[in-house]
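The block underneath contains the structure these notes are about, expressed in structure tokens.
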Amino acid sequence: EVQLQASGGGLVQAGGSLRLSCAASGFTFDEYAIGWFRQAPGKEREAVACIGSSDGTTYYADSVKGRFTMSSDNAKNTVYLQMNSLKPEDTAVYYCAADPYNGSNYYSVGSVLLYDYWGQGTLVTVSS
């Protein structure tokens, strides 16, 4: 059974940093795409950072490029999202998600529609 559990959210001042963690179980990273998504109040869920390990495809939203970095520790089955230079507009509930991926999926790694497995969200609030 695929399970994902995100943690690490909190309240931070603009310009600060946070690191989110996503503990994963029930699948092998090499065979899945894994992504971080966020949803702000009144807005649609959007992809933040994603990776398809089978072909190395990565995706970063333009709004976070140069500030956010996604990484993984395969030994711990954990994926991280390091968020630096946070802005008030980064305030959202952040989710991690996963889905089988072989590089030939219909949807790209940066598409919300690719992912069937979702963890609970963790709230990130950036104060100005």
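Tyr80 and Met83 fall into different hydrophobic clusters, defined by Ile, Leu, Val, Met, Phe, Trp and Tyr side-chain heavy atoms under 4.5 Å apart, directly or through other members. Leu86 and Phe37 are not part of a single hydrophobic cluster, where members link through side-chain heavy atoms under 4.5 Å apart. A single hydrophobic cluster is not seen to contain both Leu114 and Tyr117; linkage of ILVMFWY side chains at heavy-atom distances under 4.5 Å, directly or through other members, places them apart.
We find the CD-OG distance between Glu1 and Ser25 to be 7.5 Å, quoted to the nearest 0.5 Å. The distance from atom CZ of Arg67 to atom OG of Ser85, rounded to the nearest 0.5 Å, is 7.0 Å. Between the OG atom of Ser7 and the CD atom of Gln120 there is a distance of 8.0 Å, given to the nearest 0.5 Å. Here the CG atom belonging to Leu4 is positioned 10.5 Å from the OG1 atom belonging to Thr78, to the nearest 0.5 angstrom.
A 4.5 Å side-chain heavy-atom check between Val93 and Thr122 finds every atom pair outside the cut-off. Looking at Gln82 and Ser17, their side chains come closer than 4.5 Å, going by heavy atoms from C-beta outward. The closest side-chain heavy-atom distance from Thr69 to Leu81 is not below 4.5 Å. Side-chain contact check for Thr125 versus Leu123: some heavy-atom pair is nearer than 4.5 Å.
A pairwise comparison of heavy atoms in Ala92 and Ala40 identifies CB-N, 3.8 Å as the closest pair. Scanning both residues, Ala33 and Val109, for their nearest heavy atoms gives CB-CG1, 4.1 Å. In this structure, Cys50 and Tyr115 approach most closely via the heavy-atom pair CB-OH, 3.5 Å.
Tested against Met70, the residues Ile34, Leu20, Val64 include a single side chain to side chain contact (heavy atoms under 4.5 Å, CB included) partner, Ile34.
The stretch residues 33-62 participates, sequence neighbours left out, in these side-chain hydrogen bond (donor to acceptor under 3.5 Å, both in side chains) pairs: Arg38-Glu46, Arg38-Ser63, Arg38-Asp90, Arg38-Tyr94, Gln39-Arg45, Asp55-Thr57, Asp55-Tyr101, Asp62-Lys65. A disulfide bond (SG atoms under 2.5 Å apart) check over residues 88-128, counting only residues at least two apart or in different chains, returns the pairs Cys22-Cys96.
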(request) Take Phe29 and Phe27 through the ring pair (Phe, Tyr, Trp, His ring centres under 6.0 Å) test and state the conclusion after the steps. (result) CA-CA 6 Å; Phe29 281 10; Phe27 65 97; 5.7 Å; yes

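Asn105 contributes no side-chain N or O that, together with a main-chain N or O of Tyr107, makes up a donor-acceptor pair within less than 3.5 Å. Here the side chain of Thr91 pairs a donor or acceptor atom with the backbone of Pro88 at under 3.5 angstrom.
A donor atom on one side chain and an acceptor atom on the other are found under 3.5 Å apart for Asn74 and Ser72.
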